[in-house]
Number of protein chains: 2
Amino acid sequence: MTLDRRSGCPINLSLEVFGDRWSLIILRDMIFGGRRHFRELLNHSMEGIASNILADRLKRLVELGMLTRTDDPTHKQKAIYSLTEMSITLVPIMAQLGAWGRVWLPVTEDLSIRAKLLEEGGPSLWDDFMNELRFEHLGIGTPKPAGTTVRARLHAAYQAVVEAQARKAS
Amino acid sequence: MTLDRRSGCPINLSLEVFGDRWSLIILRDMIFGGRRHFRELLNHSMEGIASNILADRLKRLVELGMLTRTDDPTHKQKAIYSLTEMSITLVPIMAQLGAWGRVWLPVTEDLSIRAKLLEEGGPSLWDDFMNELRFEHLGIGTPKPAGTTVRARLHAAYQAVVEAQARKAS
DNA sequence: TTCAACCAATTGCAAAATGCAATCAGTTTG
DNA sequence: CAAACTGATTGCATTTTGCAATTGGTTGAA
């Protein structure tokens, strides 16, 4: 997989990597949802990605250096997809994208609470989160106590909103 | 023009607005290149956008509220495209995109010097730049002395690199 | 007053990407 | 041994893209 190289402009080249309707969605699910397997990405996809598109994008992202693919020792057919430093450093872009979308687009409260927290936490929270991802995906650094991680906090906030909505609806 | 609404996730909805290979390129040329007319966007396009794609995206961006289209009083056929607050607040996203691309992709020096300055300037420079865009496109706020604007400084840096490259090549 | 250059698109068409459903062969679990 | 699960692949219809040519009109200069 090689870039088009329409121009050497950084914004253009970034768009050539993930300027489509699915690549960033897959990376979002890996970064914020903790997905590591094909089936996890396929079956829990909020937007309903098709399996052929998912297969195509995973292959492409691996070829571009955004992901790595390794065999799962517990299952001979299972593959584990890992983020690379290249995709981990997408966190600030994701944060800005979420912040912008929250202001201008018809987001739902449950799905935007994480973006809100990420925005409020600012660059220092993004750094903490990236370090967690480095530990999980690259084996770099030291683990944090379970439940205190950024992902756990984001997820807890999401769950709280979902439960509040359920109470309101009932 | 209405969004797909695959989900209410802010990242997904943002992608539905500009998750394609041309929309952000057009907005980049308007924000950083100061383009306001169809022909300017078409003829000075580094990536070589086709006229039908440009027409389609301009229409779409207007419908989504990212641009406004007004008649040019000097030419009955000429249209002026203006950024809206919605697209002006894309500046932080552009800055992050440029910063990421500069690290990970084969950018050229001339086309990435602006991204470098924008990154180094940080949020306060982004704010200055957004305020300039608000004055230019929305008529809000006060003008700055010519030559001291962020856009002028970015452009001067770009020109300096281009000239240095020309000297080196000769 | 004629005419070339310019204006924002539109049209026709081939190629590529997308989306959907069905399917695949191998692996694990009950 | 069968059912469920693994990461895909295939076939096919639809949609989007990209390119080149063209449209109907405007402008400015000769």
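This is a predicted model, so every value here is computed, not measured. Residue numbering restarts at 1 for every chain, and letters A, B, ... go by the order of the sequence lines. Atom set for the values below is all heavy atoms of this structure, side chains included, hydrogens, waters and symmetry mates excluded.
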Taking only N/O atoms, report every protein-nucleotides 27-29 of chain D pair under 3.5 Å with atom names and distance.
unit_1: dT27(D); atom_1: OP1; unit_2: K76(B); atom_2: N; d: 3.0

Quick one: list whatever passes side chain to side chain donor-acceptor pair (under 3.5 Å) with [X], sequence neighbours left out.
X       : result
R21(B)  : D4(A)
D20(A)  : S23(A), R57(A)
K116(A) : E120(A)
N52(B)  : none

Contact residues, residues 15-29 of chain A to DNA chain C [heavy atom, < 4.0 Å]:
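Output list: W22(A).
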Taking DNA chain C as the partner, which of residues 32-55 of chain B come within under 4.0 angstrom of it by heavy atom?
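Output list: H37(B), F38(B), R39(B), S51(B), N52(B), A55(B).
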Can you work out whether R69(B) or P73(A) has the more 5'-proximal nearest nucleotide on DNA chain C?
R69(B)
Got a sec, which residues hit side-chain contact (heavy atoms from CB on, under 4.5 Å) with A156(B), two or more places apart in sequence or on another chain?
none
Under 3.5 Å, is there a donor on one side chain and an acceptor on the other for T89(B) and W100(A)?
yes
Show me the pairs that pass salt bridge (Lys or Arg N to Asp or Glu O under 4.0 Å) and involve residues 145-170 of chain A, at least two apart or across chains.
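Residue pairs passing salt bridge (Lys or Arg N to Asp or Glu O under 4.0 Å), neighbours aside: E136(A)-R151(A).
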The complete set of salt bridge (Lys or Arg N to Asp or Glu O under 4.0 Å) pairs with one or both residues in residues 6-16 of chain B, sequence neighbours excluded, reads R6(B)-E16(B)
Run the salt-bridge test on E47(A) and R28(A) with the 4.0 Å N-O cut-off and return the result as yes or no.
yes
Check residues 137-146 of chain B and write down every donor-acceptor pair under 3.5 Å in which the side-chain atom is one partner and the other belongs to a residue at least two apart or another chain.
unit_1: H137(B); atom_1: ND1; unit_2: L83(B); atom_2: N; d: 2.9
unit_1: K144(B); atom_1: NZ; unit_2: E132(B); atom_2: OE2; d: 3.0

Can you pull the contact range of chain B along DNA chain C, 5' to 3', using atoms under 4.0 angstrom from its heavy atoms?
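Extent of the interface on DNA chain C: dC7(C) to dG12(C).
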Is F135(A) reachable from M86(A) through a run of hydrophobic residues whose side-chain heavy atoms are each under 4.5 Å from the next?
no
Is S112(A) reaching over with its side chain to a backbone N or O of A115(A), donor-acceptor style, under 3.5 angstrom?
no
